[in-house]
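Data first, discussion second: the structure below is written as structure tokens.
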Amino acid sequence: MTPATPKSILSRIKGLNPRQQEAVRYIDGPCLVLAGAGSGKTSVITTKIAYLVQECGMSARRIAAVTFTNKAAREMKERVGQMLHGKEGHGLTVSTFHTLGLNIIRGELKTLGYKPGFSLLTRKTPRRCCEI
Ligand SMILES: Nc1ncnc2c1ncn2[C@@H]1O[C@H](COP(=O)(O)OP(=O)(O)OP(=O)(O)O)[C@@H](O)[C@H]1O
């Protein structure tokens with residue numbers, strides 16, 4: 001059996017509704033998408049990433065897709081991965097905002113004056129530590 005030909009980005013965009021298409025193609029500034037659960041928000045974001053890379057010639061390194069949960073990040077990575085081919089997705093960031101923040105801190109350790117073995121404090125971390 002011959003493998004299915006990968007869908008072109010333009011045919012993917014054609015499969016979206018007019019409002020989704022508008023959101024994908026709008027590249028002149030920030031774009032807020034307000035939509036209910038399961039209505040196609042992730043489809044807009046993933047298609048837009050592929051559109052930026054494949055049609056607008058943007059390097060994937062310049063794109064960061066940020067989610068709240070690890071599950072959403074995993075799903076988004078998988079869906080974008082189905083659209084980008086070869087090295088197109090090289091350097092793309094798809095992560096939770098926690099991971100993005102941590103990676104920025106790790107990358108800028110020297111500038112921030114932190115040491116490589118730094119620890120993160122969360123709300124659950126006790127503020128007072130009594131060593132005995
Ligand atoms: N225009 C469309 N026509 C038909 N199906 C669509 C369209 N847009 C998205 N879908 C399909 O609808 C389902 C939900 O889409 P998607 O995951 O993008 O929505 P979502 O708003 O991100 O969902 P959630 O709120 O659960 O995160 C998916 O199976 C997707 O392929």
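Since we're looking at a predicted model, the values are computed, not measured. As the structure lists them, so they are numbered: ligands from 1, and atoms in each ligand from 1.
Taking both residues in full, the closest heavy atoms of I9 and A50 are given as CD1-CB, 3.6 Å, listed atom of the first, atom of the second, then distance.
A distance-only check finds no donor-acceptor pair linking the side chain of K48 to the backbone of I27 [under 3.5 Å]. A donor-acceptor pair under 3.5 Å is formed between the side chain of Q21 and the backbone N or O of L16.
Protein neighbours of ligand 1 below 4.0 Å, counting non-hydrogen atoms: G15, L16, N17, Q20, G36, A37, G38, S39, G40, K41, T42, S43, R79.
Using a 4.0 Å cut-off between charged side-chain N and carboxylate O, R79 and E75 make a salt bridge.
With a 4.5 Å cut-off on side-chain heavy atoms, Q54 and L84 count as touching.
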Scan the side chains in residues 62-70 for donor-acceptor partners under 3.5 Å anywhere in the protein, sequence neighbours excluded, and list what turns up.
residue, atom, partner, partner atom, Å
T67, OG1, T69, O, 3.0
T69, OG1, A72, N, 3.0

